[in-house]
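Every chain is numbered from 1 and lettered A, B, ... according to where its sequence line falls, protein lines coming before strand lines.
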Amino acid sequence: MSDTHAETVSYVRETMLPQQEPPASTVGPVGWAKTNLFSGWFNTVLSVLSGIFILWLAYRLLPWIISPTWQATSLNECREIIGALNKPHGGACWGVISERWKQLMFGFYPPEHYWRPVLSLILLLVALGPLLFRHLVPAKVIYFSMLYPFIAAWLLWGGTIWNPIVAILGFVIIALSLKFLTSVLNPALALIIGVLLAVIWWVALAGPVAGGLSAVLPIGIEAIASRQFGGFMLSITIGVTAILCSLPIGILLALGRQSDLLLVKAMCVGFIEFIRGVPLITLLFVASVLLNIFLPPGTNFDIILRVIIMVTLFASAYMAEVVRGGLAALPKGQYEGADSLGLDYWQSQRLIIMPQALKISIPGIVSTFIGVFKDTTLVSIISMFDPIGLSNAIRADTAWNGVYWELFIFIGLVFFIFCFSMSRYSMYLERRLQTGHR
Amino acid sequence: MSELAMDTQIDRSAMKVSDEVAIEIRNMNKWYGQFHVLRDINLTVNRGERIVIAGPSGSGKSTLIRCINRLEEHQAGQIIVDGTELTSDLKNIDKIRSEVGMCFQHFNLFPHLTILENCTLAPIWVRKVPKKEAEETAMHFLEKVKIPDQALKYPGQLSGGQQQRVAIARSLCMKPRIMLFDEPTSALDPEMIKEVLDTMIELAQEGMTMLCVTHEMGFARQVANRVIFMDQGQIVEQNEPEEFFNNPRSERTKLFLSQILGH
């Protein structure tokens, strides 16, 4: 400090101090451990106790997990192997996993067709690309994403190729009526007419047309019935469809709940509160048992489709409330800014409001997604063979009667991988959408 | 209160007022529930006029200019902007909003879009201008408000004064015929007020029709051709700035001026 005139009252700094290295004990691994593990005696005690607990847990669990029973073909065989090893706390019987993992993945899907769900899963990852990693994947892939639902449904259920094609034609009808009717009618009316025409097409005409076409040109793959679906394939089919459909429906419900139109608002509030007030199991029972009573006799309304609709509705109601939270967090000035520029309602929702509201609600949205995915295990209650349902079925086999832990650990692990990836992705997305402090 | 640059040479002769009517408000009334916020407002604004609206807080001055682009709805009387009457017809409202630019106290920039995207959004979606052309226009106006180098940043990375200038540029990109300013400098640090006022002066010199709600009396004195004083939802007094500041006629105006100019 000799370069400043510290002895006088008036003070002028003549040379600026250069930047210096921080003290060695505050950086690197030592610094990290000091701030995170051993800051103060209380935290040091806690760190040591937790360390001891983790070591003890590993000491008790690892011998059970590391158990050479992968080749066993029954629980008795496992017990013989473990008995021969003379382990004090026993060991896991992994034979059930190595023998039945395919069943846990695909249920009773015919093994020679396993390639179909696998291919749909791979294509799913491709189709999700432009939605999840917009800046990494070419934008044109989005057209494939739009076709994907039809491709996947055809791959999974099989049958004639004409089924997905006539289904797509319904959407083409909507698009065409929007294109040609908007010039003479107002857009909402054009949309309603288009949807009505498409519904007529799907319900009355699509079936016979597809039947006729396949009679002329029989192209197709072997049809597989819904009751043969099972395992994680079933969970993913229900989960992914419900997740992808619940977000747009939830957004519309959230907007409807804010609407100035009393009737729209009342309907949205009524729907959301009803669905949230009823347990999912109840809705699933309605889907599996009651719906058949109300539908005209002879209608064949696929059970998986019924379950998907119920799970989607259930998830949408929760999604609507999560999105509403995001909407409420936006300052009023954002609406006014958009209005003052002359953007109409849907433009300002799409360009200004939703991008921000959804960004705020990412943690809540992903929590709902994860919840929906795990809730698909509830379908075991209505005797569908999701992984939990299958674990009961596997135990019904005398060879594996009594195996609990190994199955549940395996199922839990697979669910964890899916849910953890979703959670990580949401954190990545939040970081990427960060545009500076407001 | 006059932080305004006295050094800025203002050429009042360039600011011509034409006979053409830009905004006409006839017997307009507005209520918030039971509360009568705007009472029998009559106001005609010609093209090229620069009007400053002053008054104590709660006097209805912000509400008045927010009625002009229908951010607030009036319940009685008529508002005619550029020959189009404001009714509940959504098409008319969107048309008027695209012709009338507005700057807010808190800027209301879109934080998820870059400065450039903020400026090109409305031209692209409302005016259907090709993206490239919209970007060129945006850069032109960003240069005009002297921040072209910030174009690729996000609003959160800019200072308040810069954000307000972006907001002005964003409005100008729509090539509006009328600009509304709702306390544009009230949320700014004193250091930044000047840069925003300078931008507004420049705009006035180009003949833009402007309605400003502001407490910057120096700006009113130099730029406005008419000052309107409001209290309790009514227009109490309006006059040319010289007369308004030197010879206020109503007691309420005198009290208000003595309070804001008195120190």
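- One finds the CD1 atom of A/Ile362 at 11.5 Å from the CZ atom of A/Arg431 (value rounded to the nearest 0.5 Å).
- Note that the SG atom of B/Cys103 and the CG atom of B/Leu180 stand 9.0 Å from one another [nearest 0.5 Å].
- Using modelled atom types and a 3.5 Å distance limit, the side chains of A/Gln349 and A/Tyr335 yield no donor-acceptor pair.
- In this structure, the portion of B/Phe104 lying under 4.5 Å from any heavy atom of chain A is its side chain and not its backbone.
- Counted within 6.0 Å of NZ on B/Lys131, heavy atoms from surrounding residues, nucleotides or ligands total 12 or fewer; the atom is thus considered open.
- A/Lys332 has a carboxylate O that lies under 4.0 Å from a charged side-chain N of A/Glu336, or vice versa, which qualifies the two as a salt bridge.
- The contact list for residues 50-68 of chain B toward chain A, using heavy atoms and a distance under 4.5 Å, reads B/Arg66 by residue number.
- Salt-bridge check for A/Arg276 with A/Glu273: passed, with a basic side-chain N closer than 4.0 Å to an acidic carboxylate O.
- Look at B/Arg170 and B/Glu117 and you find no salt bridge, because none of the NZ, NE, NH1 or NH2 atoms lies under 4.0 Å from a carboxylate O.
- Contacts between B/Asn69 and chain A at a heavy-atom distance below 4.5 Å involve the side chain alone, from C-beta outward.
- Of the two parts of B/His112, the backbone and the side chain both hold a non-hydrogen atom closer than 4.5 Å to a non-hydrogen atom of chain A.
- Residue pairs meeting the ring pair (Phe, Tyr, Trp, His ring centres under 6.0 Å) criterion with at least one partner in residues 171-190 of chain A, sequence neighbours excluded, are A/Phe150-A/Phe171, A/Phe171-A/Trp202.
- Of the atoms belonging to A/Gln347, it is side-chain heavy atoms, and not backbone ones, that fall under 4.5 Å from chain B.
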